[in-house]
Amino acid sequence: MTRTVKFKIYRYDPDKDAAPYMQDLSVELDPSDRKLLDALVKIKALDDSMSYRRSCREGVCGSDAMNINGKNGLACLTDIDSLAQPITLRPLPGLPVIRDLIVDMTQFFKQYHSIKPYVVNNSPAPEKERLQTPDEREELNGLYECILCACCSTSCPSFWWNPDKFVGPAGLLAAYRFIADTRDEATNERLDNLEDPYRLFRCHTIMNCVDVCPKHLNPTKAIGKIKELMLSRAV
Amino acid sequence: MKVAKRTFDAVIVGAGGAGMRAAVTLAESGLKTAVISKVFPTRSHTVAAQGGVSASLGNSEPDHWTWHMYDTVKGSDWLGDQDAIEFMCKQAPQVVVELEHYGMPFDRTDEGKIYQRPFGGHMSNFGEKPVRRACAAADRTGHAMLHALYQRNVRANTQFFVEWLALDMLRAPDGRVLGVIAMEMETGEITVFQAKATLFATGGAGRIYYSSTNAFINTGDGVGMAARAGIPLEDMEFWQFHPTGVAGAGVLITEGVRGEGGILRNASGERFMERYAPNAKDLASRDVVSRAMVTEINEGRGCGTNKDHVLLDITHLDADVINKRLPGIREISIQFAGTDPIKAPIPVVPTCHYQMGGIPTNYRGEVVANGEPVAGFYAAGECACASVHGANRLGTNSLLDLLVFGKSSGESMIDFIKNEPAAMPEIPQGEIDKALARVNRLNTQTHGADVHETRLAMQRTMQAHAGVFRFKDMLAQGVDKILEIEKQVLQTEIKDKSQVWNTARIEALELENLIEVAKATMISANARTESRGAHVRDDAPDTPEHPNGRDDANWLKHTLWHREGNRLEYKPVNLKPLTVESVALKTRSY
């Protein structure tokens, strides 16, 4: 049985629109259309100007993050039937809109890059793998799985106010991912890099990041651990 | 139209595993390197690989690269080139260890070494019994690898051009490759990227099929560009159907599930793989398992109301093992099958997964056409055909392929660039105009074909006419249908005429790449009148004279499809490894 689903979607094409507007539309969906992304593909088949990013359609590439009925999430992991209608879709908040549901993520990636997102180890590389116990490796769980979708950072009021100064939950989760890695030798430099009134300390544990993460990660917890390390280093 | 120009030592198209591995080598050597990608690098489809990357590290039990080589040759149904296969299997431990040094969060053994799990077709001692060779980061190996490679590139200051779509490659009159022309998605602006050496690492084109594990972005852009520029495509009839795509959704469930002890069952609960592969059972090669599943379904032993799938059962595994080793699979199953695999089996069907063929290269990553390397042109990863996978790829050899041939092409490019003069040749205006004409047509076309409908027609045709089992008559009809659909593809119309992030235009351009792949596949498959690996047809059945329908006397050779005139030619398989004895021809059974 097909069903009709109602939408309200943010539209803006700087090439032709003087200002953004909300478009009301409804679309016929098949029973096999389960996820919000399935609906967007149907909508795009009817109106090829509907613009959004998408790729893997299984929640690992992080392309199709958007604001869905007021909450950030991935279109490909959101069940259509779990949403109240009209389903309201907006671009991720706090970042400049390029077109429709596509935002400019430059600031988000700039913050990610600012924490030196790579293992720093200047010891001569052994011939084989660097050893790490299963328990040490376990410390990376809940950190390395981040898909850089930006749901967390763009749901964070501190990031909205200071996107140029506050690293934001995604970047800080990554920072802790490298601090927690026994193979990384730059913990002190990483803490120095974050010791600043804004970069780390603008986190006020509002915890929107935890609430929206499609991979069920907990940036607030990682941020707490960085703060603890800073404190224990100071005493 | 005014076209800007940028110059580099090396240009890489594609920022998946192969492109980024090559970029590490090039950028760390100090050469001016650009990587062009239509998505942010960590969104490339390598991210979706799950189960592992193969290397005979022997961390849990004895293993040897010659056993890995034997398995790969056998898996390829002897269509793989044995020099390239030796090179890959011998290099595997080193490139995997390098990746660990880059920061890859592999799972660990109790001794702190890289964790390895069993996988389909991985055997010890030349096919004797399963061996743990797949190096894994839970069931997120591709994600962990792609991020580690991106991170290493951040460290190396690689210059990325993110969300740029390459339109066409540029060649000199003498055939040398001069770079690519590409479009910035955000602005619609077009730029020439001139380079001394150009690498295509653009991934596969699984989106030619209706049901595919592949991402939307897997549209064969590099393969399409190469075909338009007169490069032949090798062995395009060989497509891997992964046994375990989620029924209905197509999302991949890793073979690592069976590696950890998962079992395939039919409607009566029978472990049917025991009948098809008495030795390897559920861990037989992918083509073998996919055919067994389709046979079960065709003979009425499928599951569900429509008897259209089988079940992948891990309910007998410890919940802790599932949560630790297969957490992503549990999530996918809950999300896309509505089933928690701890409590109930997962409904699965064979789903198009991997393109074994591609742009012909040697093991140094140099593109080879007419028996000679094409100056300045390299390809690696799924878009290339080295050929290590032959007629059927072994699980986890894809991630290995990215690392080994990403690295080797990077090194070959460094050698080539060293001997190049500083001044770059003039790019013929005609080359630039050809690409501009394709964009201009889309900007002005009226009364044309709908992109969405045309793509669907192509995907349904490929699915029906060139699937797991192939039929003589269907293949012949398939050729006619695809050539008919091509006419529509060349007359698509988009309503969206914006210059800003025009996804309609991108999809129309991608479809022009997909159709090249579809043509190459259908025409090559129609011509190959034997059964081998993933290409199995009704008029080449299993007989005493031709076990499994394989016909080495006539078909132990690579197909080369030329776009111009849809001409086919063939070249011999290299049965001679670099240093060891050839793996002798044998009937394949598991």
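First the proteins, then the strands, lettered A, B, ... as listed; each starts at 1. Just so it is clear, the structure is predicted and the values come from calculations on it, not from any experiment.
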Distance-only donor-acceptor check, side chains B:Ser60 and B:Gln116, under 3.5 Å: no

Nearest atoms (heavy-atom pairs only) where A:Asp181 meets B:Gly103: OD2-O, 4.4 Å

Atom group of A:Glu145 that falls short of 4.5 Å from chain B, counting heavy atoms: both

Chain B contact via A:Arg57 - side chain, backbone, both or neither, heavy atoms under 4.5 Å: both

Lys/Arg-Asp/Glu bridge criterion (N-O < 4.0 Å) met for B:Glu507, B:Arg207: no

Part of B:Ala148 within contact of chain A (heavy atom distance under 4.5 Å): neither

Exercise: do B:Asp496 and B:Ser498 side chains pair donor with acceptor under 3.5 Å: no

Side chain, backbone, both or neither of B:Thr46 within contact of chain A (heavy atoms, under 4.5 Å): neither

Salt bridge A:Asp17-A:Arg11, side-chain N to carboxylate O under 4.0 Å: no

Residues B:Lys324 and B:Asp107 bridged, charged N to O under 4.0 Å: no

Residues of residues 114-124 of chain A with any heavy atom under 4.5 Å of a heavy atom in chain B: A:Pro117, A:Tyr118, A:Val119

A:Lys35 charged N/C atom sitting above B:Phe336 aromatic ring, 6.0 Å / 45°: yes

Ring-face cation of B:Arg21 near B:Tyr102 (centre distance under 6.0 Å, axis angle within 45°): no

Portion of A:Phe178 that has a non-hydrogen atom of chain B nearer than 4.5 angstrom: side chain

Between B:Gly142, B:Gly112, B:Ala215, B:Pro327, the one whose heavy-atom pairs under 4.5 Å with chain A are most numerous: B:Gly112

Chain A contact via B:Tyr150 - which portion, at a heavy-atom distance below 4.5 Å: side chain

Winner by heavy-atom pair count (cut-off under 4.5 Å) against chain A, out of B:Glu163, B:Glu111, B:Lys497: B:Glu163

Among A:Glu138, A:His216, A:Met105, A:Arg177, residue most engaged with chain B (heavy-atom pairs, under 4.5 Å): A:Arg177

B:Asp110 atom CG, neighbour heavy-atom count above 12 within 6.0 Å: no

Top contributor to chain B contacts, counting heavy-atom pairs under 4.5 Å, from A:Ser51, A:Ser49, A:Ser55: A:Ser55

Donor + acceptor pair across side chains of B:Thr254, B:Asp139 (<3.5 Å): no

Option that, when pairs with chain B are counted at under 4.5 Å, heavy atom only, ranks first among A:Cys56, A:Pro14, A:Gly62: A:Gly62

Per-residue contact mode, A:Leu148 against chain B (heavy atom under 4.5 angstrom): both

Per-residue contact mode, A:Met50 against chain B (heavy atom under 4.5 angstrom): backbone

Chain B neighbours within residues 94-101 of chain A, where any heavy atom lies under 4.5 Å away: A:Ile98, A:Arg99

Region of B:His101 that comes under 4.5 Å of a non-hydrogen atom in chain A: both

B:Tyr115 portion near chain A, given a 4.5 angstrom heavy-atom threshold: neither

Selection from A:Cys149, A:Cys146, A:Ser32, A:Ala174 maximising heavy-atom pairs under 4.5 Å formed with chain B: A:Cys146

Chain B contact via A:Leu143 - side chain, backbone, both or neither, heavy atoms under 4.5 Å: neither

Intermediate values then yes/no, side-chain hydrogen bond (donor to acceptor under 3.5 Å, both in side chains), A:Asp104 and A:Thr106: CA-CA 6 Å; A:Asp104 179 351; A:Thr106 308; 2.5 Å; yes

Carboxylate-amine/guanidinium contact B:Glu331 A:Lys215, below 4.0 Å: yes

Which portion of A:Leu77 sits near chain B, non-hydrogen atoms under 4.5 angstrom: both

Proximal component of B:Val47, with respect to chain A [non-hydrogen, under 4.5 Å]: both

Sidechain N-carboxylate O distance under 4.0 Å for A:Arg183, B:Glu100: yes

Contact origin within B:Ser44 toward chain A - heavy atom pairs under 4.5 Å: neither

NZ/NE/NH1/NH2 to OD/OE distance under 4.0 Å, B:Arg108 and A:Glu136: no

Between A:Arg54, A:Lys128, A:Lys16, the one whose heavy-atom pairs under 4.5 Å with chain B are most numerous: A:Arg54

A:Asn72 and A:Thr154: side chain donor to acceptor below 3.5 Å: yes

Between A:Arg130 and A:Thr182: side-chain donor-acceptor atoms closer than 3.5 Å: no

Distance (rounded to the nearest 0.5 Å) between A:Tyr10 OH and A:Asn67 CG: 11.5 Å

